[in-house]
Amino acid sequence: MADSTVEALHVLGIEHVSCILGVSMGGMVALSISERHPNFSKYMINISGATCSLPYSIALRNIQKASIEQDPLWNNGFYDEDHYPYNGMMLARKIGLLSYRSKDEVNQRFSSNIYKNNNKQLASNVPESVDSYLEHNARRFVDFFDANSYLVLSNAINKYVFGGSRKSVKSALKELPTKRALIMGVNSDELFPIQQQEQLASGLKAGGCTTTFIEVDSNYGHDAFLVDINKFGSAIRDFLSTTTDSYKSKASPKYAMVG
C-alpha cells in the first residue's frame, strides 16, 4: 500500500510531498512510506495510528472475518452480485461499529431511552433503538463495500508490525528520517489505545524528530476524528502552516499532501 501510493504520485509527476498524513490504518501506511521511501517527505501527521495491532483489536477483526467466511454465500471468496455474503458482512460491520466507539458513548447515546415517565420504569424499546442504529449504519457500508476487500484490509492491519522482524519498533522509529511530526490520539479509543500513540511519539523523539503529541479528550472512541472534528482541526492547521517550505529547495515545483 505504501509503495503503490508513492508510485501513483510519481506517475503523476510528484516526486515529493510536503506532508504525509495518516489516520487509523492510514497511520500505519504513513509510517511505512516514511520507512520505505525516506526521501519522500520530511513531515508527518499521524492520528489514531499505531506501530502494530494489539491482540484485543486483532481478536475483534478475527471475529468479523469469521462472520463473513461462515456465511453460506461466501463460497471461498468466489461470490457474485446475486450470491453475496450479505448477512456475514452485516454482522462483521456491526462488530466493527461497536469497536470504533467507546462503550460510554454508546451507553450515553441511548440512555435517554432506558427509562420512561421519570419513574425508573424500564422502557421496552431500548433493544430496538440499538438494533436500528447498528442495522442502519451497517447497511450503509455493506451496500457499497466488497467483502474480499474488507478481509484484505483487515488482514493487513492485523499483520502489520512497523520495522518488521528486522529490528525492534523502538530502533526502527529512531531511524525514521522524519524531521517533524504531529501525533494525536484519543483517550477513549479502545481499538488503537492512546498508549500506542504515546509510544509512537516517544520513539520519534528519541530519534531526534521534533514531535508534538496531543491527547484528545473525546468520548467518541476511535471514531473521534470523524465526529469531534474541531478538536483535531486547529492542531492540524497549525502544523501544516509550518510545512509549506518543505521542498522549496528542490527543482520540482510540485508539492502535495498524501493521506
Side-chain angles (χ1 to χ4, degrees), residues 1-10 12 14 16-38 40-54 57-58 60-61 64 93 96-97 99-101 141 144-146 149-164 169 172-173 176-178 180-186 189-194 196-201 203-204 209 211-216 218 220-229 231-233 235-237 239-240 243 255-259:
M1 294 178 190
D3 292 344
S4 61
T5 298
V6 172
E7 179 61 24
L9 290 173
H10 285 173
L12 294 172
I14 299 171
H16 308 282
V17 297
S18 177
C19 181
I20 303 172
L21 190 156
V23 181
S24 187
M25 181 185 186
M28 293 176 165
V29 177
L31 286 172
S32 287
I33 291 176
S34 298
E35 179 186 32
R36 297 172 64 83
H37 304 273
F40 192 64
S41 176
K42 292 182 180 179
Y43 302 154
M44 176 174 60
I45 300 175
N46 206 299
I47 300 173
S48 298
T51 58
C52 67
S53 286
L54 296 179
S57 302
I58 293 173
L60 287 174
R61 280 187 288 271
Q64 295 174 62
R93 185 57 177 175
L97 283 167
S99 72
Y100 303 145
R101 299 296 179 99
F141 178 85
F144 72 85
F145 206 91
D146 177 65
S149 296
Y150 194 92
L151 292 178
V152 168
L153 293 174
S154 295
N155 190 51
I157 301 174
N158 281 353
K159 290 189 173 183
Y160 178 71
V161 177
F162 176 68
V169 169
L173 286 172
L176 273 188
T178 306
R180 289 185 60 238
L182 170 63
I183 311 299
M184 302 182 73
V186 181
D189 191 340
E190 298 177 5
L191 200 61
F192 284 67
I194 190 69
Q196 292 194 284
Q197 291 86 58
E198 290 175 336
Q199 177 202 40
L200 177 55
L204 289 171
C209 174
T211 306
T212 300
F213 171 71
I214 298 177
E215 178 177 335
V216 177
S218 172
Y220 286 103
H222 191 64
D223 262 358
F225 58 83
L226 297 174
V227 184
D228 268 352
I229 298 175
K231 293 186 177 181
F232 294 84
I236 295 172
R237 182 173 56 250
F239 183 86
L240 290 178
T243 67
Y255 317 116
M257 179 175 67
V258 58

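Since the model is a prediction, treat every value here as computed from it, not as a measurement.
Of the inter-residue distances, the one linking I33 atom CD1 with M28 atom CE reads 14.0 Å to the nearest 0.5 angstrom. Put simply, CE on M184 and CD1 on I45 are 9.0 Å apart, with the number rounded to the nearest 0.5 Å. Distance check, rounded to the nearest 0.5 Å: NZ of K42 to SG of C19 gives 13.0 Å. Once rounded to the nearest 0.5 Å, the distance linking CG of L60 with CG of L54 reads 11.0 Å. Here CD1 of I58 is found 11.0 Å from NZ of K159. Values are rounded to the nearest 0.5 Å.
Applying the side chain to side chain donor-acceptor pair (under 3.5 Å) rule to S99 yields no partners; only residues at least two apart in sequence or on another chain are considered. For the side-chain contact (heavy atoms from CB on, under 4.5 Å) test, residues two or more places apart in sequence or in another chain that qualify with E215 are N187, I194, E198, F213. Applying the salt bridge (Lys or Arg N to Asp or Glu O under 4.0 Å) rule to R101 yields the partners E105, D223; only residues at least two apart in sequence or on another chain are considered. Residues satisfying the side chain to side chain donor-acceptor pair (under 3.5 Å) test with Y160, not counting sequence neighbours, are S32. Residues satisfying the ring-ring contact (aromatic ring centres under 6.0 Å, His included) test with F141, not counting sequence neighbours, are F144, F145, Y150. With sequence neighbours excluded, the residues that form a ring-ring contact (aromatic ring centres under 6.0 Å, His included) with F225 are H222. Legend: residues meeting side chain to side chain donor-acceptor pair (under 3.5 Å) with Q196, ordered by chain and number and at least two apart, are absent. Judged as a side chain to side chain donor-acceptor pair (under 3.5 Å), and not counting sequence neighbours, the contacts of R61 are S53, N158. Evaluation of the ring-ring contact (aromatic ring centres under 6.0 Å, His included) rule for F239 yields no partner, not counting sequence neighbours. The side-chain contact (heavy atoms from CB on, under 4.5 Å) check on A8 picks up nothing, with sequence neighbours excluded. Residues that satisfy the salt bridge (Lys or Arg N to Asp or Glu O under 4.0 Å) test with D228, not counting sequence neighbours, are K231. By the side-chain contact (heavy atoms from CB on, under 4.5 Å) test, A30 pairs with I20, M44, N46, sequence neighbours left out.
At a cut-off of 3.5 Å, with distance as the only test, no side-chain donor of Q64 or S154 sits close to an acceptor on the other residue.
The two residues L31 and F162 come nearest to each other via the heavy atoms O-CE1, 3.7 Å. Closest heavy-atom contact between A156 and M25: CB-CE, 3.8 Å. In terms of heavy-atom proximity, F192 sits nearest to A50 at CD2-CB, 3.4 Å. Heavy-atom minimum distance, Q197 versus I183: O-CG2, 3.6 Å. Taking every heavy atom of both residues into account, L182 and A235 meet most closely at CD2-O, 3.7 Å. When all heavy atoms of T178 and R180 are compared, the closest pair comes out as CG2-O, 3.2 Å.
Using modelled atom types, one side-chain atom of S57 and one backbone atom of L191 make a donor-acceptor pair closer than 3.5 Å. Side chain of S41 to backbone of Y43: a donor-acceptor contact under 3.5 angstrom is found.
In this structure, C209 and L176 have side chains that are not in contact, with every pair of non-hydrogen atoms separated by 4.5 Å or more. Using a 4.5 Å heavy-atom threshold, the side chains of R36 and V6 count as separate. Taking 4.5 Å as the limit, every side-chain heavy atom of V186 sits out of range of all side-chain heavy atoms of Y220. Counting only heavy atoms from C-beta outward, the side chains of D3 and H37 approach each other to under 4.5 Å.
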Side chain to side chain contact (heavy atoms under 4.5 Å, CB included) between S48 and D189: does it pass, once the steps are laid out? CA-CA 8 Å; S48 298; D189 191 340; 4.1 Å; yes
